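The structure under discussion appears below in the form of structure tokens.
Keep in mind it's a predicted model, so treat the numbers as computed, not measured. Values below: all heavy atoms of this structure, side chains included; hydrogens, waters and symmetry mates excluded.
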Amino acid sequence: MIHLKLAWHGVTHHKQEYGPFLLASIVLIAINFIFWNVSLNKTLKAMAFGDATIEITKVAIVFISLVSLFLMFYANSFLIKQRGEELGLYNMIGLSNSDLRWILTLEAALLYAISLIAGLISGFAFLKLAFLILQKLLTLKQSLDHFELYAVYTTAIIFAVIFLALLVYNFYRVHTNDPIHLWNQSFKSEREPKSKKTLAVLGVAILTWGYWVSVKTKPNGAAFTGFVLAVILVVLGTYLLFIVGSIVFLKVLKKQKKIYYKPNHFIAISGMLFRMKQNGAGLASICLLCTSILVTMVGTLSLYVGENKLINSWNPYDIMFTTEKRLTSKQQRTINETASKYNISLSKKKQITMTTPSVGSIKKDKFETNNIMNATLQLSSLTLADYNNIQGTNIKLKKQQILLYDVSSKFNKKYITIRGQRYQVKKINNFKFAFNYQHAIVQPIFVVAADKSICSSINPQPEMVVSGFNIGGTKTNQLRFANSLQKNMKLSNETYTAAPIFRNLFQSLFGSLLFIGSLVSITLIFATALILYYKQLSEGYADRKRFQTMQQVGLSQKETKEAIRSQVLLVFMLPIVGAAIHFVFCIPMLKNILSLFSMYNTKILAGVSIVTLFVLAGGYLCIYFLTTKVYQELVNKK
């Protein structure tokens with residue numbers, strides 16, 4: 001009975017420390033519970049492309065579980081350190097290590113029970129809202145609201161394993177430390193760390209390398225390898241800079257007498273210097289978590305917002321055929337009969353002949369063909385007669401002149417060399433048949449030549465006939481018509497593309513990504529807030545005695561507040577500034593990843609990036625101000 005009383009006292013007496021831990025555990029359990037219900041949802045499994053949503057959710061479950069493990073270990077390591085004084089006292093008054101283990105076991109059981117019950121209740125309460133949001137994002141008529149009992153069991157088992165791992169770690173800490181060490185560890189001070197300039201320079205070099213890879217990687221088949229390398233380099237560079245580089249920076253400030261010997265700077269720099277070795281890893285983690293939130297939200301929002309532009313880049317007309325010959329009269333009849341069956345109206349059919357694209361890239365003013373892994377462009381050519389017929393224009397060209405339509409609008413030279421021949425370029429801003437052939441990751445460009453022979457010399461690939469028309473009718477009938485037409489005409493996905501089918505796919509895929517990305521971001525925000533909170537607590541416990549001593553020898557309350565503001569502001573603004581810098585250099589890489597979906601619109605990416613960055617900075621400042629109050633209360637506590 002005494003063990004239970006002491007365990008209950010340990011939890012309730014340390015509300016300031018255990019409160020955020022319980023809140024984070026509850027939120028993590030609730031999000032995990034929601035994810036499991038989504039992954040097991042029978043309505044999603046039955047719908048077209050629902051498997052994509054479920055598979056993405058399963059990946060998110062693994063990620064959230066790993067984040068939960070890391071975050072709870074981080075918080076637990078702080079908690080067991082702060083409990084050291086109390087556990088050491090219990091040991092010295094006669095309780096054995098076995099008794100301490102019993103107390104810790106009961107504490108873990110209490111925390112697990114409270115977290116699980118509150119987390120499942122919260123998850124169940126928000127489950128209906130989560131399904132309504134997902135239903136809205138996927139534009140579904142049928143309800144997704146369905147509770148799965150299996151989600152309860154699975155969530156309970158996952159977090160039981162996590163809490164058991166925390167308990168084993170706590171047993172190890174108690175077993176390996178003697179009572180005196182337990183007594184002293186909660187307020188043990190750090191020695192001044194050594195300045196390792198070589199490692200600091202290495203950190204800058206690694207981070208610069210990561211930035212360079214991110215900026216220089218082109219949107220081609222090798223982009224994913226570059227992305228992985230850039231992420232690894234940035235993570236390593238960030239940890240080295242925050243752990244080692246910050247110490248070097250503070251020691252440089254310490255040598256600047258005009259800066260260091262001002263009261264608030266003296267207290268802030270000296271205080272941070274002694275603890276930066278242990279704080280550096282935490283601050284680096286906060287920086288990387290903030291960067292992850294930015295990348296996740298900007299990526300998923302850009303895809304969701306840019307859905308229509310993506311469909312237009314793949315299908316400028318609702319229904320398109322890419323064939324070797326023009327559509328036969330039988331095929332035309334099948335189209336009309338299928339349209340009549342589903343009450344679909346058809347616009348006038350358009351047809352154009354162009355060459356099958358050649359992949360390559362433009363260097364300066366020369367188009368060079370190369371393999372798909374290194375290519376950034378796909379070039380097609382067509383005759384001026386076909387172009388004028390489609391566009392309704394009457395443009396004339398000389399033999400050495402071409403019209404060029406560049407989807408990305410990057411090419412701005414007056415001349416271009418293609419296959420050894422130099423041509424004068426006239427840029428055009430509109431081409432009704434501009435589309436991404438086979439939805440490749442490379443961007444399309446179209447060259448209009450004076451006649452067929454020049455067209456063939458520019459791109460000696462086989463010709464293809466591209467046909468297209470728009471349709472009218474209800475969304476449901478349009479989708480039925482598109483699917484039925486493909487089946488009736490026995491066409492492959494490379495020959496036939498339909499905007500209604502793409503729209504249905506992207507609403508499912510991008511809506512799911514946004515939903516899951518938002519929940520993952522909420523998890524990362526809680527992780528960031530919890531790390532900030534415990535960092536403020538650890539700073540407050542470490543600084544309380546030091547500030548009280550300085551106040552006894554003449555430090556005023558005003559000077560105390562200024563010193564606290566200077567120290568906290570410098571330490572806790574570093575991660576968000578670092579995250580903003582990381583994100584700026586990550587934008588080219590993010591743009592390359594989005595290009596895998598043929599998303600080349602920089603305006604959408606820029607707009608979403610700015611809004612997300614401001615929202616995150618605002619949320620971070622709110623967390624900063626709230627946690628700073630806790631720090632000030634601890635420091636000023638008598």
Side-chain angles (χ1 to χ4, degrees), residues 27-69 119-120 122-159 161-162 224 292-293 295-297 299-307 310-311 439 475-476 479-480 482-483 493 500-524 593-594 596-597 599:
V27 171
L28 291 170
I29 288 171
I31 291 175
N32 205 289
F33 172 75
I34 291 171
F35 272 143
W36 273 107
N37 273 283
V38 172
S39 70
L40 297 168
N41 191 274
K42 294 177 182 177
T43 306
L44 275 177
K45 286 182 180 180
M47 64 176 279
F49 310 118
D51 288 341
T53 303
I54 291 170
E55 290 304 316
I56 295 169
T57 306
K58 288 179 180 178
V59 174
I61 289 171
V62 175
F63 179 76
I64 293 296
S65 299
L66 291 174
V67 170
S68 302
L69 181 64
L120 291 176
S122 302
F124 189 78
F126 285 98
L127 184 61
K128 189 176 183 66
L129 176 62
F131 275 133
L132 284 173
I133 293 171
L134 183 58
Q135 184 180 335
K136 181 71 176 176
L137 290 173
L138 301 181
T139 63
L140 297 175
K141 291 183 179 180
Q142 62 268 47
S143 175
L144 293 172
D145 191 11
H146 183 71
F147 166 70
E148 290 286 345
L149 191 61
Y150 183 78
V152 176
Y153 302 146
T154 312
T155 305
I157 291 170
I158 289 172
F159 281 86
V161 171
I162 292 175
F224 183 74
S292 301
I293 294 167
V295 172
T296 301
M297 287 310 300
T300 54
L301 270 172
S302 295
L303 286 171
Y304 187 77
V305 172
E307 176 188 313
L310 171 56
I311 293 172
H439 319 138
K475 289 184 178 180
T476 302
L479 183 59
R480 288 174 178 172
N483 285 319
N493 291 328
I501 295 175
F502 288 143
R503 193 169 290 111
N504 191 39
L505 167 64
F506 294 151
Q507 283 173 349
S508 175
L509 180 61
F510 297 161
S512 303
L513 283 172
L514 181 58
F515 174 78
I516 292 165
S518 300
L519 283 181
V520 168
S521 295
I522 290 171
T523 306
L524 295 178
I593 294 172
L594 291 175
L596 296 172
F597 297 93
M599 297 283 288

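- Taking the six-membered ring where tryptophan is involved, the planes of F33 and F124 are tilted, since the angle between them lies from 30° to 60°.
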Next item on the list: Please lay out, stage by stage, how N37 and F131 fare under the test side chain to side chain contact (heavy atoms under 4.5 Å, CB included).
Entry: CA-CA 9 Å; N37 273 283; F131 275 133; 4.2 Å; yes

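- Taking both residues in full, the closest heavy atoms of L134 and S512 are given as CD1-CA, 4.4 Å, listed atom of the first, atom of the second, then distance.
- L132 contributes atom CG, which lies 11.0 Å from atom CG of L137 (distance to the nearest 0.5 angstrom).
- Shortest non-hydrogen contact noted between T300 and T296 is OG1-O, 2.8 Å.
- A search for side chain to side chain contact (heavy atoms under 4.5 Å, CB included) contacts involving I56 returns L509, L513, I516, not counting sequence neighbours.
- Scanning both residues, S68 and L28, for their nearest heavy atoms gives OG-CD2, 3.5 Å.
- In terms of heavy atoms, I54 sits closest to N41 at CD1-O, 4.4 Å.
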Next item on the list: Test F515 against V38 for side chain to side chain contact (heavy atoms under 4.5 Å, CB included), laying out the working first.
Entry: CA-CA 11 Å; F515 174 78; V38 172; 4.0 Å; yes

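- Not counting sequence neighbours, the partners of K128 by the salt bridge (charged side-chain N to carboxylate O under 4.0 Å, His left out) test are D145.
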Next item on the list: For side chain to side chain contact (heavy atoms under 4.5 Å, CB included), just list the numbers for L303 and E307, CA-CA rounded to whole Å, side-chain angles, deciding distance to a tenth of an Å, and then say yes or no.
Entry: CA-CA 6 Å; L303 286 171; E307 176 188 313; over 6 Å; no

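- Here CD1 of I293 is found 10.5 Å from CD1 of I522. Values are rounded to the nearest 0.5 Å.
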Next item on the list: Go through S39 and I61 one step at a time and tell me if the side chain to side chain contact (heavy atoms under 4.5 Å, CB included) criterion holds.
Entry: CA-CA 9 Å; S39 70; I61 289 171; 3.9 Å; yes

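- The shortest non-hydrogen separation linking T57 to F35 is CG2-O, 3.3 Å.
- Residues V27 and I31 are in side-chain contact: their nearest non-hydrogen atoms beyond the backbone lie under 4.5 Å apart.
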